[in-house]
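Since the structure comes first, as C-alpha cells, the remarks are kept for the end.
We count residues from 1, following the sequence as given.
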Amino acid sequence: MKVALAQTRFKTADFDFNFKQIADAIEKNDCDLIIFPQYDLEDTGAKDLVLDEKLQDAEMHFYQNIALKNYDKAVLIGDVLIQNGEIGISEDGFYIIQGQNVYVDEIYRDDVICDLYILAKNKYFVMNDYKEFVDSINTRNDFIFVNAVGMSDENIFAGGSFAKNRENELVMHLPVCETACEIIDFKKVIHYEEPQIEEIVYKVLTFALKEYCENTGFKKIILGLSGGIDSALTAVLAADAMGAENVLGVLMPSRYSSEGSVTDSIALAQNLGIRTEKHPITPLFDNFMEKIAHETKQDLAEENLQARLRAIILMFFSNRDGRLLLSTSNKSEAAMGFGTLYGDLAGGLNLICDLTKTNVYKLCAYINRNEERIPQAIIEKAPSAELHPGQKDQDRLPEYAILDDIIEMYIEQNKPVEEICAKYGTELVLDTVKKIYRAQFKRKQCCLGIRLTERSFLNGVNLPILQRFY
C-alpha cells in the first residue's frame with residue numbers, strides 16, 4: 001500500500017481554509033492512503049466554541065464535502081476515514097484499507113498488532129521533549145505519528161511528524177513549523193540529527209507571531225525598546241516574522257535611563273532595519289507629580305507610574321496605527337512579580353513569557369551566532385528596569401542562573417520544596433516560592449503568550465491567588 005503523510009496547517013474553525021489544505025494535498029499525491037492530522041474542533045483549540053450548534057453542523061459539512069469528492073484513495077483525517085465517498089469512525093480504532101489492517105489511536109499502545117499503526121494526536125510544542133518522545137515509540141508495526149502545524153491560543157502545534165518501520169527504525173521525519181507531504185518508504189532508513197533547541201524555539205516563536213497576526217488581522221507590530229535584552233530579543237523575533245518594515249520600536253527614556261538604553265536601542269534598530277520613535281516620559285511624569293501627586297517620594301508608586309506612562313504611549317500608537325503591541329516580560333520576571341500591571345505587562349501577545357532569563361540569553365546567543373544582530377552591549381549589561389537611580393535586578397533577586405534553576409525545579413519539574421532547599425538553602429528557596437505565589441494575581445491578568453514548557457504559567461500550572469501556606 002502506497003501511503004502519504006500530510007503534515008498540514010490548520011486554523012481553528014476555519015473550514016474553508018482547512019478544506020483547501022486537505023483537498024490540495026489529496027489531489028497532488030498519487031497514493032492509496034493519505035494521512036492527515038486531527039481536524040476535529042475539540043482537538044484544534046475550539047474550547048467552548050464546540051457548544052455552538054451551528055459550528056457543529058459546519059464541522060459535519062466539512063467532512064461531508066470531502067466525501068462528496070469521492071477521491072480514488074482512502075483519506076484519514078485523524079481517526080475519521082473517508083473512503084469511496086463514505087465517512088466512517090471505527091469504535092475500536094481498526095480499519096481495513098487496501099486489504100491492510102490499519103489501527104488509529106490518540107495514544108501509543110505497544111500491545112496492538114496491525115499492519116500500520118497511526119498515532120493521530122496533535123502534540124503541542126514543549127522544549128526538550130521531542131527526542132524522548134520519538135525514542136519512547138518502540139514499535140513492532142509500521143508506525144506513523146502525524147502532527148499538525150498550527151496555533152491554538154498559547155499552544156503551538158509544530159509538526160515534526162515521523163514514521164518508523166516494524167524494526168523500530170526511523171524512515172521519515174518532517175520539519176518543524178512547515179507543511180509537508182511525502183510518500184513513506186518503510187524500507188528506507190534515515191538518520192535524524194535533532195537541531196539545537198534554540199533553533200527550534202526560534203522557529204516556533206516566529207511561526208507563532210506570523211500565525212497570530214494572520215488569524216487576527218494584524219500586519220504591523222509595536223514594542224517598547226528599553227535597551228535591555230528582553231525587548232531586543234522580541235524585536236528580532238518580530239522583525240524576522242513580520243518583516244522589519246512592519247515593526248516600530250518606541251524609545252521612552254526617563255530621568256533614570258542610562259545613555260546606553262537609548263544608544264543601544266538605536267544600534268539594535270539599525271541592525272534590524274526597524275523604524276524607531278523617541279518619546280521621553282519625563283515631561284509626562286513631572287506634570288503628573290506636580291498636578292496630581294503634589295509630592296515626590298521615589299517609591300513604588302512612582303516606579304509603576306513610569307511603566308504605566310510608557311504603556312499609555314504604546315497603546316495609543318497601537319490603537320491609532322492598528323499595530324499589535326508585544327509585551328516583553330520573561331518567565332523569571334513573571335515568577336517574581338517583576339512587572340507592572342497596565343504598564344510593562346500591557347500588550348496583546350508575549351513571545352518570550354515562557355523563557356527564563358537564562359534561556360533568553362541562550363536564544364540571543366543563537367541569533368548572534370553568525371553576526372551581531374543584538375549589540376553585545378545589550379547582552380553584557382546588567383539587567384535593570386531603570387526606575388530609580390542605579391537600579392539593578394540583582395539588588396532584589398538572586399543571580400538569574402540560581403533563580404531560574406529554582407523556578408524550573410519548582411514549576412516545570414514539580415520538585416518538592418525540601419529537595420530544592422537541600423540544593424540552595426531554605427531561606428532563599430522559601431522566599432522565591434513565596435514570591436511566585438504572591439505574583440499569581442498579576443499573571444492572571446497578563447496577555448496571551450506562547451507556551452514552551454509542559455508546566456508553564458500559561459497552561460499546566462494553576463496556582464491559587466488566595467492561600468496562606470506560603
Side-chain angles (χ1 to χ4, degrees), residues 221-236 238-239 244 247-293 296-321 323 325-330 333 338-347 350 352 357 360 364 372-396:
I221 302 297
I222 188 171
L223 75 160
L225 293 182
S226 66
I229 196 167
D230 299 315
S231 62
L233 173 57
T234 303
V236 172
V247 179
L248 173 63
V250 184
L251 288 66
M252 297 166 287
S254 73
R255 68 173 78 248
Y256 306 121
S257 298
S258 64
E259 182 181 352
S261 69
V262 174
T263 58
D264 294 342
S265 295
I266 292 173
L268 169 74
Q270 290 173 342
N271 288 353
L272 301 181
I274 67 175
R275 185 166 69 86
T276 62
E277 292 186 10
K278 183 179 176 181
H279 300 289
I281 64 169
T282 301
L284 297 173
F285 180 84
D286 289 345
N287 189 59
F288 186 97
M289 298 307 296
E290 178 186 351
K291 301 292 179 59
I292 299 177
T296 299
K297 295 184 177 181
Q298 290 192 348
D299 58 3
L300 180 62
E302 292 182 20
E303 291 184 9
N304 288 344
L305 173 61
Q306 294 170 64
R308 288 174 179 138
L309 289 172
R310 291 180 172 123
I312 289 172
I313 294 170
L314 291 170
M315 283 306 305
F316 174 82
F317 288 111
S318 172
N319 291 159
R320 173 152 289 183
D321 301 335
R323 292 178 179 271
L325 174 57
L326 296 182
S327 177
T328 61
S329 281
N330 62 60
E333 293 171 344
F338 265 43
T340 301
L341 282 174
Y342 328 117
D344 53 327
L345 297 181
N350 188 327
I352 67 169
K357 194 78 165 187
V360 166
C364 288
E372 189 178 280
R373 302 185 68 199
I374 299 174
Q376 194 63 27
I378 290 178
I379 294 174
E380 292 178 352
K381 73 173 59 174
S384 171
E386 294 190 327
L387 296 175
H388 64 250
Q391 182 181 24
K392 297 290 184 293
D393 288 3
Q394 256 60 63
D395 294 340
R396 291 188 285 174

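Residues Ile374 and Asn271 have side chains not in contact (no heavy-atom distance under 4.5 Å, counting atoms from C-beta outward). A heavy-atom distance below 4.5 Å is found between the side chains of Gln298 and Tyr256.
Although no hydrogens or angles enter the test, the distance criterion places no donor-acceptor pair under 3.5 Å between the side chain of Arg275 and the main chain of Ala244. Between the side chain of Thr276 and the backbone N or O of Val250 there is no donor-acceptor pair closer than 3.5 Å.
Asp344 is linked by a side-chain contact (heavy atoms from CB on, under 4.5 Å) to Ala307, Ser329, Thr340, counting only residues two or more places apart in sequence or in another chain. Take Arg373 and apply the side-chain hydrogen bond (donor to acceptor under 3.5 Å, both in side chains) test, not counting sequence neighbours, and it matches Asp240. Residues passing the side-chain contact (heavy atoms from CB on, under 4.5 Å) test with Ala238 are Leu209, Ile221, Val247, Leu326, sequence neighbours excluded. The salt bridge (Lys or Arg N to Asp or Glu O under 4.0 Å) test applied to Asp264 returns Lys381, not counting sequence neighbours. Phe317 is linked by a ring pair (Phe, Tyr, Trp, His ring centres under 6.0 Å) to His279, counting only residues two or more places apart in sequence or in another chain. Checked against side-chain contact (heavy atoms from CB on, under 4.5 Å), Ile266 has the following partners two or more places apart in sequence or in another chain: Leu251, Val262, Gln270. With sequence neighbours excluded, the residues forming a side-chain contact (heavy atoms from CB on, under 4.5 Å) with Ala267 are Pro375, listed by chain and number. With sequence neighbours left out, Ser231 forms a side-chain hydrogen bond (donor to acceptor under 3.5 Å, both in side chains) with Ser226.
When all heavy atoms of Pro253 and Arg310 are compared, the pair lying nearest together is C-NH2, 4.0 Å. Closest heavy-atom contact between Leu325 and Ala346: CD2-O, 3.9 Å. Nearest heavy atom pair, residue Ala239 against residue Ile274, reads CB-CG2, 4.0 Å. Closest heavy-atom contact between Ser257 and Ser261: CB-OG, 3.4 Å. Of all heavy-atom pairs between Ile378 and Leu268, the closest is CD1-CB, 4.2 Å. The minimum heavy-atom distance between Ala235 and Leu225, with the atom names listed, is CB-CD2, 4.0 Å.
Separation of atoms CG (Leu248) and CD (Glu277) is listed at 5.0 Å; rounding is to 0.5 Å. Here Thr328 contributes atom OG1 and Asp230 contributes atom CG; the two are 6.0 Å apart, rounded to the nearest 0.5 Å.
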Identify all side-chain donor-acceptor contacts of residues 283-291 below 3.5 Å with residues at least two apart in sequence or on another chain.
from, atom 1, to, atom 2, distance (Å)
Asp286, OD1, Arg255, NH2, 2.2
Asp286, OD2, Arg255, NH2, 3.2
Asn287, OD1, Lys291, NZ, 3.4

Carefully, step by step, assess Met252 and Leu314 under the rule side-chain contact (heavy atoms from CB on, under 4.5 Å).
CA-CA 10 Å; Met252 297 166 287; Leu314 291 170; 3.7 Å; yes

Intermediate values then yes/no, side-chain contact (heavy atoms from CB on, under 4.5 Å), Ile222 and Asp321
CA-CA 9 Å; Ile222 188 171; Asp321 301 335; 6.0 Å; no

